[in-house]
Engineer: 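Pasting in a structure now, in structure tokens, and then I'll have a few things to ask.
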Amino acid sequence: MTLDKIRNFCIIAHIDHGKSTLADKLLLETHTIEAREMSNNQVLDDMALEQERGITIKLHAIQMKYLGLDGSDYIYNLIDTPGHVDFTYEVSRSLTACEGALLVVDASQGVEAQTIANLFLAIDAGLEIIPVLNKVDLQSAMIDEVSQQIIELIGCKKEDIILASAKSGIGITDILEAVRLRVPPPQGDITAPLRCLIFDSVFDSYRGSIVYMRVFDGTIKEGDEILFMATKQKYRVEEVGTLRMGREKKTQLLAGDVGYLIAGVKDVKDTRVGDTVTHFRGGAPEAISGFKLAKPMVFAGLYPQSAEDFAMLRDSLDKLALNDSSLIYEPESSVALGFGFRCGFLGLLHMEIIQERLDREFNQNIVTTVPNVEYRVMTTKGDTVIVDNPSSMPEPGRIEYVQEPYIKAQIIVPTEYVGAIMKLANDRRGIYKTVTYIDTTRADIHYEFPLSEIIFDFYDKLKSISRGYASLDYEFLEYRESDLVKLDILLNGDPVDAFSTVVHRDKAFEWGKKLCSKLRELIPRQMFEIAIQAAIGAKIIARETISAMRKDVTAKCYGGDISRKRKLLEKQKEGKKRMKQVGRIEVPQEAFMAVLQISD
Amino acid sequence: MRPLSAYLHIPFCERKCVYCDFYSIENLSLRGEFVALLTREIDMKLAAYPQPAGRTLNTIFFGGGTPSLLTPNELERIVAKLSSHFHVADDCEFTMECNPGTVTLEKLRGYKELGVNRLSFGVQSFDADELKFLGRIHNAEQARDAVRLAREAGFDNVSIDLIFSLPGQKEAVLQKTLDEAIALNTDHISAYNLIVEHGTPLYRLVQLNKVIELDPDRSAELFAIVQRRLADAGFEQYEISNYARGLDRVGGLPLPQPPLPLGEGAFTLGEEASHNRAKHNLVYWDGFKDYVSFGPSAHEFIAGERAWNVSSLEQYGRMIRDGKLPRINREILTLEERRTEVLYLQLRSTGLRVAEFDSVFGEDLLLSPEVTYLIEDGMLRAENGLLCLTQKGYRFCDGIVTRLMSVWETAASKDVRGDYIPIAALH
Ligand SMILES: Nc1nc2c(ncn2[C@@H]2O[C@H](COP(=O)(O)OP(=O)(O)OP(=O)(O)O)[C@@H](O)[C@H]2O)c(=O)[nH]1
Ligand code: SF4
Ligand SMILES: [Mg+2]
């Protein structure tokens with residue numbers, strides 16, 4: 001098939017606007033999958049977690065064969081992307097493999113924060129944008145208003161917008177035709193030295209790393225000797241192919257193709273997302289400029305429930321990272337929790353997903369510490385210390401000043417909520433920048449925030465005060481000096497490093513109080529009294545006490561009771577696996593995340 | 001041959017008590033037929049499993065139900081059957097559970113002649129309202145009479161059962177019951193914190209909010225009162241709910257006064273222990289010792305295998321008549337399960353025999369920091385090769401055991417630390 005019969009495109013949108021449902025319809029229309037084979041909606045969301053939560057977490061690439069209205073056969077390589085702000089990195093990687101993007105907008109919701117953010121990413125990547133107004137079947141669809149919003153946003157014509165319903169199948173052929181007519185075919189030279197860009201990978205326990213890539217130049221086939229340019233690792237190609245509903249083996253992949261590569265790579269670190277694959281001999285002199293590495297926004301400690309599982313956790317993280325290139329981690333140790341890893345995440349949802357995947361896919365029962373951002377500390381000696389774990393904050397006497405990351409945030413919201421949102425922003429140390437109006441009903445608010453103020457419950461708050469209408473997008477801005485202090489928690493007089501947090505001085509007292517009382521709720525009564533204290537340096541600022549249990553015993557145990565009692569004890573012991581022993585105190589895992597449950 | 005104990009379950013009661021989850025029925029007319037079935041079960045079991053046959057019975061316990069509903073004649077038939085299969089030790093402890101409302105001097109004398117040497121009376125309380133609430137058929141006067149009759153019949157080992165932490169129980173009422181119990185001068189007292197067992201009428205009353213359970217903290221206080229009051233009166237707590245009259249009656253003779261230091265964890269266990277401890281029950285709390293059992297719902301434990309009978313007299317009869325053992329289930333314990341049971345049972349009574357435990361289960365219990373913590377906290381004592389609960393520790397037995405059970409996991413993890421790859425090497 002010649003290049004002009006190939007189209008590479010992705011679907012981008014704000015969360016829940018219907019990308020994956022639209023992908024379903026495209027797959028059905030092109031007979032890539034038959035209706036009877038569809039066990040569930042959003043077939044591409046193949047992770048159990050994605051199905052359960054009804055959201056896309058990872059990018060999903062798939063190839064379709066399309067018979068165009070011009071009578072010719074086409075190859076369509078489609079990538080469905082996630083909409084949640086935590087997974088923007090998946091979107092930006094998908095874009096590099098494509099020449100066009102379907103920008104889906106929910107007609108009942110209108111343009112939202114990630115509509116704009118993802119659109120700009122696509123424009124920056126030089127993609128042809130096809131606006132799709134989805135969910136036109138809904139009573140609440142505001143076709144004219146939202147079309148107008150799109151026109152103003154993209155600067156397109158009204159006729160360029162395709163009216164569609166991924167649910168009832170409206171506009172599907174129009175979309176397929178628009179892809180054919182409007183998305184430019186890939187360019188590339190099959191005779192030039194090989195250059196493939198890795199945009200994703202998964203781990204298979206039999207085959208090793210499976211690399212997903214876009215071939216930009218040249219040809220790659222089984223038996224070729226290849227080089228991963230960044231890691232300088234040499235391998236022999238075992239298999240190449242395209243991504244249909246499963247992997248479909250091909251004799252070769254050519255410039256313009258999107259497909260997979262298996263080369264018996266067992267060391268997961270050798271196949272790095274963003275790296276270029278070329279031939280070992282006669283390879284390309286220069287790598288394709290990949291994409292920026294994902295910048296982790298929040299950090300937290302991940303610890304195995306029992307120390308013996310440390311090696312297994314490391315192995316699980318290695319494999320998970322192959323499948324999720326935005327996950328970074330390094331070993332650390334905690335007095336309270338033993339050996340574990342400090343991990344960087346793109347956001348709290350990302351962190352939650354990683355935690356759940358470790359549990360489900362790798363059977364790793366882990367304890368997580370309170371997430372935090374990364375601080376920069378200028379010491380009195382004049383050097384800079386990067387602190388991604390509050391417990392490693394230098395002593396107050398050694399600190400000249402502390403900087404924390406700021407982000408710039410864009411909030412899109414119906415005009416009547418602007419006041420309430422500005423109040424919330426104020427509480428969160430927000431710095432007002434601008435308010436503009438998308439149309440008469442919707443405002444586009446810009447603020448700067450310390451990242452630490454928005455990672456926890458800011459988004460939920462935003463949603464609740466706007467009845468679900470507000471949307472938020474943010475990106476890193478810069479480091480700025482703030483008056484920050486380290487808040488420690490002591491259990492029976494001993495500081496528990498895993499509970500330490502860094503907070504703004506003005507909020508420290510209140511936080512300390514709330515944290516102590518939350519911990520009092522979460523830590524069960526034990527055989528002895530437990531004092532919970534919050535301290536800044538040597539100064540105790542709050543205290544709570546958990547009184548001792550008075551008894552824990554079964555009065556009667558004769559011949560007929562023993563077996564039942566044993567099973568009960570075994571169950572209780574099993575239940576204790578969800579507890580971490582800190583000194584002699586048993587602390588439930590949730591307690592290490594107590595901060596997240598504190599509301600203001 | 002290893003000694004053996006025997007338990008026989010007599011499944012009749014004049015009236016069911018509100019809290020009771022033992023298997024028994026109120027149709028007393030089936031008694032004669034039951035005795036015939038029971039003796040057949042003994043024959044059948046020993047034919048099918050000859051292993052316990054011929055062994056020496058160190059203890060025999062008739063429980064229920066209300067064993068004292070048996071006439072001496074009926075009891076004789078059962079005892080004769082036991083004697084035909086086992087050798088009954090000369091000093092065999094032979095206990096009958098008795099309901100104070102069902103005994104006469106004549107009956108007790110009859111029991112005595114058959115070898116019964118220990119009586120355990122279900123007194124429960126000396127308060128009329130409490131007895132009524134519990135659904136007992138006797139009153140306080142009958143309880144006192146029963147113990148007097150027992151002495152008159154020549155029993156020198158008499159025990160009474162008490163229940164405390166009744167809904168709304170006032171401290172004064174408990175104190176009065178304890179005073180009366182102590183005044184009866186029995187050799188042994190069992191005092192149980194009321195348990196609202198699944199499936200009992202009491203359970204339903206609690207579910208319907210017609211009865212409000214005592215607050216756990218409050219019942220802990222009452223438990224401590226029972227412990228202290230009985231210790232002060234010279235009783236040795238040798239299990240969570242069991243107290244043996246102290247060293248003042250060793251061999252039935254009063255000892256010179258006062259041999260007993262009082263207060264928390266006053267008694268040293270081991271050789272100096274009271275000889276009034278219930279030897280049969282100590283077999284249950286050993287975890288290594290064997291007991292054979294007969295009658296509906298009875299559980300036996302022989303060489304690490306536990307088996308139990310159906311909890312229905314009708315089914316019990318049917319199975320025996322069909323020539324089948326009336327067993328409903330059995331379990332063969334894994335080493336890990338035995339470890340849990342031995343830990344729990346020995347600890348809740350006279351203390352864990354550390355050396356034996358370590359050698360059988362390959363542990364090093366005393367080295368665990370958890371044990372050190374629990375000793376520091378005044379929950380455990382290590383002495384004479386035993387790990388014992390203190391008076392306070394008895395109130396936390398379950399919690400202590402689960403803490404000790406988790407020691408095994410921590411111990412396992414010690415080895416893996418060595419496997420740890422240093423941070424620098426990982427990067
Ligand atoms: N009524 C109606 N509902 C739709 C339509 N398209 C999608 N939906 C519904 O909208 C919800 C979200 O759809 P998804 O396809 O999962 O949205 P998404 O954009 O892939 O979401 P993320 O991947 O999480 O960003 C689902 O409940 C769909 O059934 C449509 O055209 N009409
Ligand atoms: S007399 Fe004993 S066995 Fe019978 S019902 Fe009452 S408590 Fe239960
Ligand atoms: Mg989706």
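Each chain gets a letter, A, B and so on, in the order its sequence line appears, and its residues count up from 1.
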Engineer: With a 4.5 angstrom heavy-atom cut-off, is it the side chain or the backbone of B:E331 that approaches chain A, or both, or neither?
Structural biologist: side chain
Engineer: Under 4.5 Å heavy-atom distance to chain B, tell me which part of A:F528 shows up: side chain, backbone, both or neither.
Structural biologist: side chain
Engineer: Please classify the contact of B:S219 with chain A as side chain, backbone, both or neither, using a heavy-atom distance under 4.5 Å.
Structural biologist: both
Engineer: Between B:Y7, B:Y284, B:F61, which is the residue that forms a ring pair (Phe, Tyr, Trp, His ring centres under 6.0 Å) with B:Y291?
Structural biologist: B:Y284
Engineer: Mark yes when over 12 heavy atoms from residues, nucleotides or ligands other than B:R327 sit less than 6.0 Å from its CZ; otherwise mark no.
Structural biologist: yes
Engineer: Between A:D309 and A:Y303, does any side-chain donor sit less than 3.5 Å from a side-chain acceptor?
Structural biologist: no
Engineer: For B:R403, which atoms come within 4.5 Å of any heavy atom of chain A: side chain, backbone, both, or neither?
Structural biologist: both
Engineer: Please state whether the side chain, the backbone, both or neither of B:I400 comes within less than 4.5 Å of a heavy atom of chain A.
Structural biologist: both
Engineer: My understanding is that only one of B:W308, B:F22, B:Y23 makes a ring pair (Phe, Tyr, Trp, His ring centres under 6.0 Å) with B:H299; could you say which?
Structural biologist: B:W308
Engineer: What residue in B:V283, B:L374, B:L345 has the most heavy-atom pairs under 4.5 Å with chain A?
Structural biologist: B:L345
Engineer: Do B:N58 and B:H280 meet the criterion of a side-chain donor-acceptor pair at a distance under 3.5 Å?
Structural biologist: no
Engineer: Is it the case that atom CZ in A:R520 sees more than 12 heavy atoms from other parts of the structure closer than 6.0 Å?
Structural biologist: no
Engineer: Could you tell me which portion of B:Y373 (side chain, backbone, both or neither) has an atom closer than 4.5 angstrom to a non-hydrogen atom of chain A?
Structural biologist: both
Engineer: For B:F396, is it the side chain, the backbone, both, or neither that has a heavy atom closer than 4.5 Å to a heavy atom of chain A?
Structural biologist: both
Engineer: Is it the side chain or the backbone of B:D21 that comes within 4.5 Å of chain A heavy atoms, both, or neither?
Structural biologist: side chain
Engineer: What part of A:K556 lies closer than 4.5 angstrom to a heavy atom of chain B: side chain, backbone, both or neither?
Structural biologist: both
Engineer: Looking at B:E336, I want to see if its CD is surrounded by more than 12 non-hydrogen atoms of other residues, nucleotides or ligands under 6.0 Å.
Structural biologist: no
Engineer: For chain B, which candidate among A:Q572, A:Q581, A:Q526 shows the most heavy-atom pairs at distances under 4.5 Å?
Structural biologist: A:Q581
Engineer: Scan side-chain atoms only and decide if A:Q533 and A:E544 contain a donor-acceptor pair under the 3.5 Å cut-off.
Structural biologist: no
Engineer: Under 4.5 Å from any heavy atom of chain B, what part of A:E570 do you find: side chain, backbone, both or neither?
Structural biologist: both
